[in-house]
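Labels below follow one simple rule: chain letters A, B, ... track the order of the sequence lines, proteins then strands, and each chain is numbered from 1. Quantities reported herein were computed from a predicted structural model and do not represent experimental measurements. Just so you know, these numbers use all the heavy atoms, side chains as well, and skip hydrogens, waters and symmetry mates.
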There are 2 protein chains.
Amino acid sequence: MNIGEAAARSGVSAKMVRHYESLGLLPAVARTDAGYRQYGEREVHTLRFIRRARDLGFSMAEIAGLLALWQKPDRASGDVKRIAEAHIADLDRRIDEMTAMKRTLETLVHCCHGDHRPDCPILDGLAEAGGPPQA
Amino acid sequence: MNIGEAAARSGVSAKMVRHYESLGLLPAVARTDAGYRQYGEREVHTLRFIRRARDLGFSMAEIAGLLALWQKPDRASGDVKRIAEAHIADLDRRIDEMTAMKRTLETLVHCCHGDHRPDCPILDGLAEAGGPPQA
DNA sequence: GCTTGACCTTGCCATCATGGGAAGGTCGAC
DNA sequence: GTCGACCTTCCCATGATGGCAAGGTCAAGC
């Protein structure tokens, strides 16, 4: 199977398949005489694993760790769980950050008439809300 | 005032001050004979505006729009409000995405013993959860 | 056999906001 | 005069992905 088919069957673009190979996430597969990469079910399976991990927001470095554990028969599930929990904590942190931004913006938006007049609490909020962070 | 002081007083790095100038967010200021940029209170104020907008997650393009409105006496507050509301919607979308990731992960983590044994529902979930997206 | 179109190859550039570092000029204090 | 702190410009890197270009390959149809 050529890269295009492996890509279609895994839901990863051909470009990304090559990229993952260059990152070492995917082993370098055999080539035809013309240099075409040849894939099998095994690689498609790995690509799907990578795609699902990406869909859950894992970084490439975390995925590399998960892949290594996945392919290691004597892994400890605790190691997997640790990676997943760290990622959940990271998601939590980012969700909190964005929620705080959203709350502040909603307050400002709520105060803004949003009409043809120039007065705008949103701009006032951006312009007046205190000096540098640690000063 | 040199760039270092303007940076310190606005909470933006000197590097970013130059970058904002190159993007056109900040006007090119006067220079000393030696080529040092000279800033005044006005520029520090603008830099603080930019920093606060960044802190609220606005992109540079959105900040450019906000700055233009801020500096335009005959603006319509409705234009400002539209930018802010679009950004809130964007934050909402991203928060929802991450929350969905988090929920899925929490389900998997909840099922994982997290001990020294290799069996791991997290890896199983990544490996088995269906084929390509639109197939 | 030749053409055509779909596919493959590598490699470079772009995103977005930011930091790091190099190489060199300037300024103030001692 | 020297030293350290500051400034200048320019290039490179991030992380995951897309786009494009130039060129090779393959299968199908004529």
[X] [atom1] to [N] [atom2]: how many Å, rounded?
X	N	atom1	atom2	value
Asn2(A)	dT9(C)	CG	P	7 Å
Glu5(A)	dA27(D)	CD	P	14 Å
Met1(A)	dC7(C)	CE	P	16 Å
Ile3(B)	dA5(D)	CD1	C1'	15 Å
Lys15(B)	dA22(C)	NZ	P	11 Å

Sequence neighbours excluded - ring pair (Phe, Tyr, Trp, His ring centres under 6.0 Å) pairs with any residue from residues 91-128 of chain A =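 Every pair satisfying ring pair (Phe, Tyr, Trp, His ring centres under 6.0 Å) with a residue in residues 91-128 of chain A: there are none.
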What pair of heavy atoms forms the shortest contact from Pro121(A) to Leu108(A), and how long is it?
->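 Here Pro121(A) and Leu108(A) meet closest at O-CD2, 3.7 Å.
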Tell me, do Arg9(B) and Glu43(B) make a side-chain contact under 4.5 Å, heavy atoms counted?
->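 They are not in contact (no side-chain heavy atoms under 4.5 Å apart), so the answer is no.
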Would you indicate whether the side-chain heavy atoms of Ile83(B) and Ile122(A) approach each other to under 4.5 Å?
->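 Result no, sub-4.5 Å side-chain heavy-atom pair not found.
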Does anything in residues 33-46 of chain B reach DNA chain D, meaning a heavy atom under 4.0 Å, and if so which residues?
->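 Residues of residues 33-46 of chain B that come under 4.0 Å of DNA chain D are, in numerical order, Gly35(B), Tyr36(B), Arg37(B).
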Selection: residues 16-26 of chain B, any non-hydrogen atom under 4.0 Å of DNA chain D =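 Contacting residues: Arg18(B).
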Spatial distance of atom CG (Leu126(A)) from atom CZ (Arg51(B)) [nearest 0.5 Å] =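 The CZ atom of Arg51(B) is 11.0 Å from CG of Leu126(A), to the nearest 0.5 Å.
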Calculate, to the nearest 0.5 Å, the distance between atoms CD and CG belonging to Gln71(B) and Leu66(B) respectively.
->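 Result: 11.0 Å between the selected atoms.
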Kindly say if [X] contacts the phosphate of [N], meaning a side-chain N or O under 4.0 Å from OP1 or OP2.
X	N	answer
Thr32(B)	dT26(C)	no
Arg31(B)	dT9(D)	yes
Arg54(A)	dG15(D)	no
Ser13(B)	dT18(C)	no

Side chain Arg75(B), main chain Pro118(A), donor-acceptor under 3.5 Å =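 Checked: pair present.
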Kindly say whether Arg117(A) contributes a backbone atom to a donor-acceptor pair with the side chain of Asp115(A) at under 3.5 angstrom?
->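 It does hold such a pair.
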Just say parallel, tilted or perpendicular for the rings of His45(A) and Trp70(A), cut-offs at 30° and 60°.
->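 Ring orientation, 0 to 90° scale: perpendicular.
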